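Chain A is the first sequence line, chain B the second, and so forth, proteins listed ahead of strands; every chain is numbered from 1. Computed from a predicted model, the values in this text were never measured in an experiment.
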Protein chains: 2
Amino acid sequence: MSSETSQVEGQRRPGRPRDERADAAIVAAALELLGEVGVHRFRMDDVAGRAGVGKATIYRRYPSKERLVAAAVASLVSEIAVPDTGSTRGDLRSLMRDAVAVYSRPHAGGLMAGLVEAMCHEPALAAAVREGFLATRRRALERVIERGVERGDLAAGLDLQLALDVLGGPLFYRLLITGGPIDGQLADGVVELILTGFGVPRGNHPKGA
Amino acid sequence: MSSETSQVEGQRRPGRPRDERADAAIVAAALELLGEVGVHRFRMDDVAGRAGVGKATIYRRYPSKERLVAAAVASLVSEIAVPDTGSTRGDLRSLMRDAVAVYSRPHAGGLMAGLVEAMCHEPALAAAVREGFLATRRRALERVIERGVERGDLAAGLDLQLALDVLGGPLFYRLLITGGPIDGQLADGVVELILTGFGVPRGNHPKGA
DNA sequence: GCATTGCGATACTTGACAGTATCGTAATTG
DNA sequence: CAATTACGATACTGTCAAGTATCGCAATGC
């Protein structure tokens, strides 16, 4: 799935095979440039130059600039396992620290900004990003919160959407707007807020009086 | 300040004066288009067409497309008063509902997305937006939180930056990413979370046992 | 009235860049 | 070996849009 052009398994075309290093170099260069200069000034010639590749090599794989951009973005989708540290706090922290790591990648800000911009005017891309990029992380958080409720750490009637957006929003906000630090302190602070704010009403705290 | 070209007060050039309606129409058309199609496909010809104005009329005011975009964005800056409802909850809700209203404007999503994208690659614009757009709202929230601490509603040692980003982040996140509802429920939910999560430690809760 | 500036409209110039074509060469299969 | 496809490089084509110039006319001050 590293390249766009699909090919039936096992059956192989005659002639020189595609260079897989070129596949990787093209996507890597595209991601770098998207982050650095934005979709706006993203040029195919630059991609070719940075990837050390001829333009024809790109167009042999992707029929247009848009498709290359889409493929580059799609390559960022990754699997997220639901953590199980034994405590709700530990699980939430684990997921949030993962998120911090993702948002701390080299050109995460520029990349996200470009992505967001594109999503607003291309519903298909928006759907793809929401489903491929966001949904897995969101489902993992959802599962952890559910378990938190079962454990009695979180209130049963909590507003799940609100909780998810409070967990994700501040990171995103710092990345794109305030420019504040995206670090463990932020991650842990948000988690504590959720645990306190959505914790079960006080008085019946298990280990307390 | 409706137009870019400055002119010394009181001293006036000969000839026909600028049409102020054109000033307004140009900025309005620019904002609409920025929200609808994004910076990427923002065309001066379209601005002229929508504003019912010749291109020369635009270029007489703004020397380039970039400057027009910057001016249009700058026109969005508004004053924000620090509310004083008598309670921390009321003050926070008031500010948050203002924010909800701003984010609910016609093309707020597209506009914000384009703005964010531009900010990532133009530090000058980023600084301008942060200072003119964000700082006033942020300072108002800051003041309200300070008063909340003085009143004893909020803990003295709270992480102010975190509180501000938790108040602002979720709205922003829904606007640009999740597409969730931006309404009173969100605003109030976030406020309750802040009040509970950053409230003074329990036990000395005034009305509880 | 006359000079000056602004107006909308339209035509024009110019640069940037997506996408294509071509060249000489390299890696495969048969 | 021949046929086929890929490679990097470079030149080319075509389109799109920013910015300029010009036209005939309107509004202002002198």
Side-chain angles (χ1 to χ4, degrees), chain A residues 2-8 10-30 33-34 36-72 118 121, chain B residues 2-8 10-30 33-34 36-72 114 118 121-122:
Chain A
S2 60
S3 168
E4 180 92 326
T5 38
S6 57
Q7 181 183 151
V8 180
Q11 135 178 336
R12 146 185 201 94
R13 288 184 299 197
R16 177 174 174 174
R18 296 269 172 92
D19 186 344
E20 292 181 14
R21 287 171 322 186
D23 288 28
I26 290 169
V27 170
L33 285 169
L34 280 174
E36 286 174 28
V37 307
V39 201
H40 183 46
R41 299 206 168 137
F42 179 84
R43 290 180 244 295
M44 294 300 264
D45 285 311
D46 293 346
V47 177
R50 175 150 331 185
V53 140
K55 278 211 294 179
T57 304
I58 300 178
Y59 279 102
R60 204 170 286 119
R61 290 164 168 74
Y62 308 96
S64 72
K65 175 174 138 170
E66 274 65 35
R67 295 286 289 272
L68 169 58
V69 170
H121 311 291
Chain B
S2 60
S3 168
E4 180 91 329
T5 39
S6 57
Q7 180 183 154
V8 180
Q11 137 179 334
R12 146 182 201 97
R13 287 184 298 199
R16 177 174 174 173
R18 295 268 173 93
D19 185 344
E20 292 181 13
R21 288 172 321 186
D23 288 27
I26 290 168
V27 170
L33 285 168
L34 280 174
E36 287 174 27
V37 308
V39 201
H40 182 43
R41 300 205 169 139
F42 179 83
R43 289 180 251 291
M44 294 301 263
D45 285 308
D46 293 346
V47 177
R50 178 158 319 194
V53 139
K55 277 211 295 180
T57 303
I58 301 178
Y59 279 102
R60 206 170 285 120
R61 290 164 168 74
Y62 308 97
S64 72
K65 174 174 140 171
E66 274 66 33
R67 295 287 288 274
L68 168 58
V69 171
H121 312 292
E122 292 174 42

Visitor: Nearest of C:dT20, C:dA27, D:dA26 to any side-chain atom of B:R16?
Guide: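 Output: D:dA26.
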Visitor: Find the distance A:E20:CD to C:dA27:C1' and express it as a whole number of Å.
Guide: 14 Å
Visitor: Quick check on contacts: within residues 41-58 of chain B, what sits under 4.0 Å from DNA chain D by heavy-atom distance?
Guide: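 Nucleic-acid contacts, sorted: B:F42, B:R43, B:M44, B:K55.
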Visitor: Charged N to carboxylate O under 4.0 angstrom, B:D23 versus B:R18?
Guide: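 A salt bridge is absent here (no side-chain N lies under 4.0 Å from a carboxylate O).
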Visitor: Looking only at side-chain atoms of B:P14, point me to the closest of C:dT5, D:dC7, C:dA18.
Guide: C:dT5
Visitor: Listed by chain and number, what are the side-chain contact (heavy atoms from CB on, under 4.5 Å) partners of A:D46, not counting sequence neighbours?
Guide: A:L33, A:R43
Visitor: Just wondering, do B:M44 and B:I58 contact through their side chains at under 4.5 Å, heavy atoms?
Guide: yes
Visitor: Please state how far atom NZ in A:K65 lies from atom P in C:dA16, giving the value in whole angstrom units.
Guide: 15 Å
Visitor: Between C:dA27, D:dA18, C:dC7, spot the one nearest the side chain of A:P17, thanks.
Guide: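 Closest of the options to the side chain of A:P17: C:dA27.
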Visitor: Check the pair A:V69, A:Y62 against side chain to side chain contact (heavy atoms under 4.5 Å, CB included), reporting the backbone distance first and the verdict last.
Guide: CA-CA 9 Å; A:V69 170; A:Y62 308 96; over 6 Å; no
Visitor: Report the distance from atom NE2 of A:H40 to atom C1' of C:dA18, rounded to the nearest whole Å.
Guide: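 My rounded result for the distance is 15 Å.
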Visitor: Compare side-chain N and O positions of A:R18 against OP1 and OP2 of D:dA6 and report whether any pair is under 4.0 Å apart.
Guide: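 A:R18 to D:dA6 OP1/OP2: side-chain N or O found under 4.0 Å.
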Visitor: Which is it for A:D45 and A:K55 under the side chain to side chain contact (heavy atoms under 4.5 Å, CB included) test, yes or no, and what are the steps along the way?
Guide: CA-CA 7 Å; A:D45 285 311; A:K55 278 211 294 179; 3.1 Å; yes
Visitor: Is there side-chain contact between A:R60 and A:T57, with heavy atoms separated by less than 4.5 Å?
Guide: yes
Visitor: Side-chain contact test, heavy atoms from C-beta onward, threshold under 4.5 Å: evaluate it for A:L68 versus A:F42 and give yes or no.
Guide: yes
Visitor: Taking atom P of C:dC7 as reference, at what distance in whole Å does atom OH of B:Y59 sit?
Guide: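 So the two atoms are 16 Å apart, to the nearest Å.
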Visitor: Using whole Å, report how far CZ of A:R21 lies from C1' of D:dC7.
Guide: 11 Å
Visitor: How many Å lie between CZ on B:R61 and P on C:dT5, as a whole number?
Guide: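 Interatomic distance, CZ of B:R61 to P of C:dT5: 15 Å.
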Visitor: Using OP1 and OP2 only, check whether a side-chain N or O of A:R60 sits under 4.0 Å from D:dC7.
Guide: yes
